[in-house]
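Everything below concerns the one structure shown next.
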Amino acid sequence: MTLGPLEYIAIGFEGNRFNGEIAREIEKVIEKRIIRVVDAVFITKDIDGEATIVEIDDKDDPRFAGFAPLLADRMGLLTPEDVATIAEGLRPNTSTLVMLFEHRWAEHIKDAIGAAGGFLVGRQTIAPEILELVNAELEAAA
């Protein structure tokens with residue numbers, strides 16, 4: 001099995017107000033084979049800055065119940081060091097859902113590039129702050 005391209009995303013929740021509602025939207029892109037979640041972890045940091053790692057396959061916790069079907073392909077690729085680094089950067093009284101996912105939509109493109117003797121030169125996502133500026137400019141111009 002070959003993976004890739006992989007990306008991780010950390011979605012933050014101020015005041016530790018995560019309730020799991022985003023699971024439905026994540027499930028939609030999984031069902032359409034746009035992404036595959038290969039690992040996920042939930043980190044919460046209390047008001048004193050103490051971080052706790054929570055397994056999101058805890059079906060007894062109602063916040064994570066909707067995530068059970070999304071974790072069928074979970075491979076546990078995030079290392080303890082990865083999680084510790086993300087937790088370290090988390091502000092007090094904040095939580096984050098960290099997902100490592102594969103871009104399934106790119107599988108055939110990747111194969112076609114390889115078959116054509118091509119290779120990926122670079123890839124970068126645009127920072128959310130820059131995207132907000134671009135969106136504001138587009139709205140102003142409309």
Side-chain angles (χ1 to χ4, degrees), residues 1-114 116 118-142:
M1 171 194 232
T2 302
L3 286 176
L6 294 176
E7 181 176 341
Y8 90 88
I9 186 170
I11 305 165
F13 300 90
E14 292 288 337
N16 290 311
R17 291 186 304 260
F18 177 79
N19 62 15
E21 288 181 11
I22 64 171
R24 281 180 249 130
E25 294 304 317
I26 296 168
E27 185 173 24
K28 288 178 186 178
V29 294
I30 290 171
E31 287 174 351
K32 293 177 182 174
R33 296 184 52 87
I34 296 169
I35 67 166
R36 170 177 33 190
V37 176
V38 296
D39 205 357
V41 67
F42 187 76
I43 305 167
T44 184
K45 193 175 266 191
D46 66 21
I47 196 78
D48 297 322
E50 185 70 30
T52 303
I53 312 308
V54 181
E55 293 298 327
I56 66 170
D57 59 359
D58 180 357
K59 294 166 193 70
D60 295 331
D61 188 327
R63 298 176 300 169
F64 305 120
F67 284 89
L70 312 182
L71 303 175
D73 292 324
R74 187 169 169 191
M75 298 176 192
L77 298 179
L78 289 168
T79 67
E81 294 80 15
D82 295 331
V83 175
T85 299
I86 295 167
E88 188 176 298
L90 195 59
R91 292 189 311 263
N93 198 32
T94 305
S95 55
T96 186
L97 172 65
V98 181
M99 289 191 316
L100 178 65
F101 60 93
E102 176 185 21
H103 289 279
R104 304 284 315 259
W105 61 267
E107 289 173 330
H108 297 295
I109 296 169
K110 177 183 166 190
D111 293 342
I113 291 168
F119 56 92
L120 184 64
V121 173
R123 182 175 170 273
Q124 184 173 353
T125 57
I126 306 302
E129 301 81 26
I130 302 298
L131 190 55
E132 284 180 33
L133 291 172
V134 170
N135 284 334
E137 289 177 15
L138 291 172
E139 278 186 31

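Keep in mind it's a predicted model, so treat the numbers as computed, not measured.
Side-chain contact between Leu6 and Leu100: present, with at least one pair of heavy atoms (C-beta onward) separated by less than 4.5 Å. With contacts defined as side-chain heavy-atom distances shorter than 4.5 Å, the pair Ile11/Ile9 qualifies. The side-chain heavy atoms of Arg104 and Ile34, taken from C-beta on, include no pair separated by under 4.5 Å. Annotation: side chain of Phe64 is not in contact with side chain of Leu70 (no heavy-atom distance under 4.5 Å). Annotation: side chain of Leu97 is in contact with side chain of Phe67 (closest heavy-atom distance under 4.5 Å).
With sequence neighbours excluded, no residue satisfies ring pair (Phe, Tyr, Trp, His ring centres under 6.0 Å) with Tyr8. For the side-chain hydrogen bond (donor to acceptor under 3.5 Å, both in side chains) test, residues two or more places apart in sequence or in another chain that qualify with Glu81 are Thr79. For Lys32, there are no side-chain hydrogen bond (donor to acceptor under 3.5 Å, both in side chains) partners at least two apart in sequence or on another chain. Under the rule for a salt bridge (Lys or Arg N to Asp or Glu O under 4.0 Å), the partners of Arg33 that lie at least two apart in sequence or sit in another chain are Glu107.
In terms of heavy-atom proximity, Gly66 sits nearest to Pro69 at O-CD, 3.5 Å.
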> Going through the checks in order, is the salt bridge (charged side-chain N to carboxylate O under 4.0 Å, His left out) test met by Glu25 and Lys28?
Replying inline: CA-CA 5 Å; Glu25 294 304 317; Lys28 288 178 186 178; 3.0 Å; yes

> Can you check side-chain contact (heavy atoms from CB on, under 4.5 Å) on Val38 and Arg36, steps first, answer last?
Replying inline: CA-CA 6 Å; Val38 296; Arg36 170 177 33 190; 4.3 Å; yes

Cut-off 3.5 Å, no hydrogens considered: what does the side-chain donor-acceptor table look like for residues 39-48, sequence neighbours left out?
residue, atom, partner, partner atom, Å
Asp39, OD1, Arg74, NE, 3.4
Asp39, OD2, Leu77, N, 2.9
Asp39, OD2, Leu78, N, 2.7
Thr44, OG1, Asn16, OD1, 2.9
Lys45, NZ, Ala87, O, 2.9
Lys45, NZ, Leu90, O, 2.7
Asp46, OD1, Asp48, N, 2.9
Asp46, OD1, Gly49, N, 3.0
Asp46, OD1, Glu50, N, 2.8

Enumerate donor-acceptor pairs with a distance under 3.5 Å from any side-chain N or O in residues 123-142 to protein atoms, sequence neighbours excluded.
residue, atom, partner, partner atom, Å
Arg123, NH2, Glu7, OE1, 2.9
Arg123, NH2, His103, NE2, 3.0
Asn135, ND2, Leu131, O, 3.3

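Remark: Trp105 CH2 to Ile35 CD1 distance equals 12.5 Å, nearest 0.5 Å. If you take CD1 on Ile113 and NE2 on His108, they are separated by 13.0 Å, rounding to the nearest 0.5 Å.
Side-chain N or O atoms of Thr94 include one that pairs as donor or acceptor with a backbone N or O of Pro92 at under 3.5 Å.
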